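Everything on this sheet refers to the single structure shown next.
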Amino acid sequence: MTIENVSVPSGLYMRRLCLLFIADYWLWLVLPVALCAVLALWVDVRFVIVAMMVLFIILPMVLALLYFYYGLSPEARWSIMDKIVTLDDRGITLDFTDERMKKHVIRWDDVHSIIEKDDAVMLMLTGGRRFTCLMLPASVVNPDVAQLLREFASQTH
């Protein structure tokens, strides 16, 4: 099955990636702010300033590191560039419209899960990075394509 002119806006890619990160690490993001708030009530009011620094300086820097670590990865480039996607028994073939990009094949063994959202379908890939994914817009993933993706991914796992 072939799907033409597939691309995801970069803002959507990073928004979905940040939401995945926050969903997994929300406790570690909220804990320092809550700890400083409790210390401000019991020990010293100046801990409110520390809580504000954590909230407005440290947490945005963590998200900036997330952006540079995942947003500049090859998988992010594969997701946001215009391409023709072919699904077959070998895997997912990405044929880019930009001639500077090489054709790339993602084997079905490399897809360990599929996350379906309202605006995108994320194919979570195996590798060294935890939130590595190939993202397809939900507008091109009709029910037939979604069923085919699930079948191919389940056959390999």
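Just so you know, residue 1 is the first one in the sequence shown, and it goes up from there. Predicted model, so just to flag it, every value in this text is computed and none were measured. Because only heavy atoms are used, hydrogens play no part in the values below, and waters and symmetry mates are left out as well, while side chains stay in.
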Legend entry - Value rounded to 0.5 Å, distance of CG in Leu55 from CE in Met53: 12.0 Å
Legend entry - Residues in side chain to side chain contact (heavy atoms under 4.5 Å, CB included) contact with Pro9, at least two apart in sequence or another chain: Leu12
Legend entry - Residue pair Val6 / Leu136, side-chain heavy-atom distance below 4.5 Å: yes
Inset, instruction - Can you tell me which residue pairs pass the side chain to side chain donor-acceptor pair (under 3.5 Å) test with a partner in residues 30-54, sequence neighbours excluded? - result: Asp44-Arg46
Legend entry - Asn5, CG atom: more than 12 neighbouring heavy atoms under 6.0 Å: no
Legend entry - Thr93 side, atom OG1; Leu87 side, atom CG - distance, nearest 0.5 Å: 8.5 Å
Legend entry - Chi angles and distances behind the side chain to side chain contact (heavy atoms under 4.5 Å, CB included) call for Lys102, Phe96: CA-CA 7 Å; Lys102 291 189 263 181; Phe96 298 97; over 6 Å; no
Legend entry - Pairwise side-chain contact, Leu65 with Val62, heavy-atom cut-off 4.5 Å (strictly under): no
Legend entry - Interatomic distance, Met124 atom CE to Arg129 atom CZ [nearest 0.5 angstrom]: 12.5 Å
Legend entry - Rounded distance [0.5 Å steps], CZ in Arg90 versus CG in Asp109: 13.5 Å
Inset, instruction - Give the minimum heavy-atom separation between Ala138 and Lys117, together with the two atoms involved. - result: CB-O, 4.4 Å
Legend entry - Min side-chain heavy-atom separation Ile92-Val85 under 4.5 Å: yes
Legend entry - Pairing of Arg16 and Asp119 as salt bridge, 4.0 angstrom limit: yes
Legend entry - same_hphob_cluster(Met122, Tyr67) at 4.5 Å side-chain heavy-atom cutoff: yes
Legend entry - Side chains of Arg100 and Met81 in contact at under 4.5 Å (non-hydrogen atoms): no
Legend entry - Heavy-atom side-chain proximity of Gln147 to Leu149 below 4.5 angstrom: no
Inset, instruction - Indicate yes or no: at least one non-hydrogen side-chain atom of Val121 is less than 4.5 angstrom from one of Ile114. - result: yes
Only distances under 3.5 Å count here; give the side-chain donor-acceptor pairs of residues 17-36 to other protein atoms, sequence neighbours excluded, each with its distance to 0.1 Å.
| unit_1 | atom_1 | unit_2 | atom_2 | d |
| --- | --- | --- | --- | --- |
| Asp24 | OD2 | Arg130 | NH2 | 3.0 |
| Tyr25 | OH | Arg130 | NH1 | 2.9 |

Legend entry - Flag side-chain contact, heavy atom, 4.5 Å: Lys83 against Leu94: yes
Legend entry - Counterpart residues, side chain to side chain contact (heavy atoms under 4.5 Å, CB included), relative to Glu99 (two or more places apart): none
Inset, instruction - Please answer: with hydrophobic residues joined when any side-chain heavy atoms are less than 4.5 Å apart, are Phe68 and Tyr13 in the same cluster? - result: yes
Legend entry - Spacing of CG belonging to Asp88 relative to CG belonging to Leu148, to within rounding of 0.5 Å: 9.5 Å
Legend entry - ring pair (Phe, Tyr, Trp, His ring centres under 6.0 Å) involving Phe47 - partner list, sequence neighbours excluded: none
Inset, instruction - Under the salt bridge (Lys or Arg N to Asp or Glu O under 4.0 Å) rule, collect the residues that match up with Arg77, sequence neighbours excluded. - result: none
Inset, instruction - Among Ile115, Val111, Thr132, find the residue that satisfies the side-chain contact (heavy atoms from CB on, under 4.5 Å) test when tested with Leu123. - result: Val111
Legend entry - Between CZ on residue Arg107 and CG on residue Leu125, distance to nearest 0.5 Å: 11.0 Å
Legend entry - Candidate pair Val145 and Val140, rule side chain to side chain contact (heavy atoms under 4.5 Å, CB included), full reasoning: CA-CA 8 Å; Val145 173; Val140 300; over 6 Å; no
Inset, instruction - Examine Leu63 and Leu72 and state if one hydrophobic cluster contains both, with Ile, Leu, Val, Met, Phe, Trp and Tyr joined whenever side-chain heavy atoms are less than 4.5 Å apart. - result: yes
Legend entry - 4.5 Å side-chain heavy-atom contact, Trp108 and Asp89: no
Inset, instruction - Test side chain to side chain contact (heavy atoms under 4.5 Å, CB included) on Ser7 and Asp82 and set out the steps. - result: CA-CA 5 Å; Ser7 67; Asp82 285 332; 3.1 Å; yes
Legend entry - hydrophobic_cluster_shared for Ile84 and Val141, side chain cutoff 4.5 Å: no
Legend entry - Ile49 reachable from Met52 in the ILVMFWY side-chain graph, under 4.5 Å edges: no
Inset, instruction - Would you sort out whether Glu75 and Cys133 count as a side chain to side chain contact (heavy atoms under 4.5 Å, CB included), showing the intermediate values? - result: CA-CA 6 Å; Glu75 294 83 6; Cys133 68; over 6 Å; no
Inset, instruction - Determine the minimum heavy-atom distance between Tyr70 and Phe131, stating which atoms define it. - result: OH-N, 3.4 Å
